[in-house]
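Comments concern the structure below.
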Amino acid sequence: MHISLTPKLESRVKAKVETGLYNNTNEVIRFMETHEDWIHEIKLTRLREQLKLGADQLDRAEGIAIESKVALDAGSLGRRTKRCLANAVPPGLEGKA
């Protein structure tokens, strides 16, 4: 069977081979096939954790009003706040364990 990959996916598969972890593209595709459900579950678990953290922050009135995705992408938030949001850490609590 032959499959066609998008240019983006093809470059990602080639990059995996170039790391030396795989001997060829077939091994990468085989790994992706056999681990697809597992990888999806990990991503879903991480998303749920981030959503819970966000909901908890909103419950504590720690939300940040953002007018649009464009405003967020344009840098309407400070670097520290963006870094905290990216790492799912409230501003002022970064680096504290």
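Separating the OG1 atom in Thr25 from the CZ atom in Arg30 is a distance of 9.5 Å, to the nearest 0.5 Å. Note that the CD atom of Glu41 and the CD atom of Glu36 stand 12.5 Å from one another [nearest 0.5 Å].
Take Leu9 and apply the side chain to side chain contact (heavy atoms under 4.5 Å, CB included) test, not counting sequence neighbours, and it matches Leu5, Thr6, Val13, Met32. Contacts of Leu58 classified as side chain to side chain contact (heavy atoms under 4.5 Å, CB included), with partners at least two apart in sequence or in another chain: none.
In this structure, Arg46 pairs ionically with Glu49, as a charged nitrogen and a carboxylate oxygen lie closer than 4.0 Å.
The aromatic rings of Trp38 and His35 sit perpendicular, their planes meeting at an angle over 60°, well past the 30° parallel limit.
Criterion: ILVMFWY side-chain heavy atoms under 4.5 Å apart, direct or through other members. Under it, Leu53 and Leu51 are not part of a common hydrophobic cluster.
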N/O donor to acceptor pairs below 3.5 angstrom from side-chain atoms of residues 14-23, sequence neighbours left out:
{"residue": "Lys14", "atom": "NZ", "partner": "Glu10", "partner atom": "OE2", "Å": "3.2"}
{"residue": "Thr19", "atom": "OG1", "partner": "Lys16", "partner atom": "O", "Å": "2.5"}
{"residue": "Thr19", "atom": "OG1", "partner": "Leu21", "partner atom": "N", "Å": "3.3"}
{"residue": "Asn23", "atom": "ND2", "partner": "Glu27", "partner atom": "OE2", "Å": "3.1"}

